[in-house]
Amino acid sequence: MKKFISAIVPVAAVFVSFAGAQTKEITLIAPGGIRAAVEQLIPGFERKTGYKVKATFGSGLGTKLQVARGESFDVPIVQPPYPEVLESGNVVVSSAKTLASVSVGIAVKRGAVRPDISTADALKRTLLAAKSVAYPDSKGGAAAGVSFEEALRKLGIASQMEPKLKRAQGGAAAMAMTAKGEAEIGVTFLSEMSEPGLDIVGALPKDVVAPTTLVAFVGGHSKDPAGAKALVDWLASPDAAAIYKAQGMQPGR
């Protein structure tokens with residue numbers, strides 16, 4: 001019996017070692033605006049390749065700063081402009097692939113009257129008439145919040161809107177406030193409008209707020225460049241494009 005057990009142990013050890021070697025991990029960082037789509041895409045990539053993906057999500061500005069200052073990720077997804085990212089050496093510049101773009105939009109509580117936001121003037125009238133507007137706080141680095149505040153300045157109504165603004169900790173929180181009726185209008189990226197109880201009105205006019213683009217890179221210090229490239233290719237694939245569309249995003253450029 002002892003001889004039998006001693007013969008099995010080395011075989012078991014080899015098997016465990018082999019199984020562990022088959023599961024490699026790829027790290028990814030991305031802004032919250034693409035989170036829903038990426039989380040849908042990860043399982044298919046893992047099934048296809050055998051890799052496991054560890055994803056981290058944050059604000060648009062925050063993730064960009066993390067990459068620029070040298071936090072190591074196999075696949076960073078960032079929003080232009082990003083000169084600090086390119087100059088840092090923390091991404092492989094030639095590996096860049098544009099995944100999708102997403103617009104800032106407006107939602108209201110389900111069943112509420114849908115306001116007119118078809119033009120800059122119509123949007124201005126709608127915002128001035130609203131009793132309250134929830135949006136992600138730009139102080140946390142939320143790109144949608146930054147874009148919305150820029151829109152208010154561009155429309156010339158920033159000071160008039162200030163008493164009506166309800167700043168939330170992220171787009172999801174802004175949408176939850178809107179769905180509950182705590183804010184008359186909710187503003188964030190269209191891709192973050194998944195809260196039940198909402199009616200999506202649509203995107204803000206492009207001459208007021210341009211869509212935000214999301215670009216994936218192979219990390220400059222990736223521990224597995226081949227695996228990182230495979231994930232970038234998957235995120236830029238036709239299968240991914242269909243999911244981006246379903247999330248209210250525009251694939252590619």
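If you're wondering where the values come from, they're calculated on a predicted model, not measured in any experiment.
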Would a hydrophobic clustering, with Ile, Leu, Val, Met, Phe, Trp and Tyr connected at side-chain separations under 4.5 Å, put [X] with [Y]?
X: Val75; Y: Phe57; value: yes
X: Met175; Y: Ile185; value: no
X: Ile29; Y: Val215; value: yes
X: Ile26; Y: Leu214; value: yes
X: Ile157; Y: Val104; value: yes

[X] side-chain N/O to [Y] backbone N/O, donor-acceptor pair under 3.5 Å:
X: Thr126; Y: Pro115; result: no
X: Ser191; Y: Gln247; result: no
X: Thr27; Y: Asp74; result: yes
X: Glu84; Y: Leu65; result: no
X: Arg110; Y: Asp199; result: no
X: Lys164; Y: Leu128; result: yes
X: Glu184; Y: Lys131; result: yes
X: Lys206; Y: Ser103; result: no
X: Lys24; Y: Asp224; result: no
X: Arg114; Y: Ile200; result: yes

Note: Lys154-Glu150 ion pair, threshold 4.0 Å (strictly below):
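No, no charged N to carboxylate O under 4.0 Å.
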What I want to find out is whether Lys229 reaches Asp233 closely enough, with some N-O distance under 4.0 Å, to be called a salt bridge.
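Result for this pair is yes, salt bridge flagged.
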Passes side chain to side chain contact (heavy atoms under 4.5 Å, CB included), Ile34 versus Phe189? Steps please.
CA-CA 9 Å; Ile34 199 172; Phe189 287 129; over 6 Å; no
What distance separates [X] [atom1] from [Y] [atom2], expressed to the nearest 0.5 Å?
X: Lys109; Y: Met177; atom1: NZ; atom2: CE; result: 13.5 Å
X: Ile106; Y: Leu127; atom1: CD1; atom2: CG; result: 5.0 Å
X: Glu71; Y: Asn90; atom1: CD; atom2: CG; result: 10.0 Å

Side chains of [X] and [Y]: closer than 4.5 Å at any heavy-atom pair?
X: Pro31; Y: Gln79; answer: yes
X: Glu149; Y: Tyr135; answer: yes
X: Gln169; Y: Asp137; answer: yes
X: Leu123; Y: Pro205; answer: yes

Assess whether salt bridge (Lys or Arg N to Asp or Glu O under 4.0 Å) is satisfied between Glu162 and Arg153, documenting all intermediate values.
CA-CA 11 Å; Glu162 184 58 37; Arg153 289 191 289 270; over 6 Å; no
Run the side chain to side chain contact (heavy atoms under 4.5 Å, CB included) test on Thr49 and Trp234 for me, step by step, so that the C-alpha distance in whole Å, both residues' side-chain angles and the decisive distance to 0.1 Å come before the verdict.
CA-CA 10 Å; Thr49 64; Trp234 179 257; over 6 Å; no
Can you see whether Ser118 engages Asp116 through a side-chain donor-acceptor pair at a distance of less than 3.5 angstrom?
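Asp116 and Ser118 do have a side-chain donor-acceptor pair below 3.5 Å.
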Could you tell me which non-hydrogen atom of Leu235 sits nearest to which non-hydrogen atom of Tyr244, and how far apart they are?
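Looks like O-OH, 2.6 Å.
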Pairs where residues 80-120 contributes a residue and the test ring-ring contact (aromatic ring centres under 6.0 Å, His included) is met, not counting sequence neighbours:
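Residue pairs with at least one partner in residues 80-120: Tyr82-Phe217.
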Flag if over 12 foreign heavy atoms under 6.0 Å of NZ, Lys223:
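Counting neighbours around NZ of Lys223, more than 12 heavy atoms of other residues, nucleotides or ligands fall under 6.0 Å, so yes.
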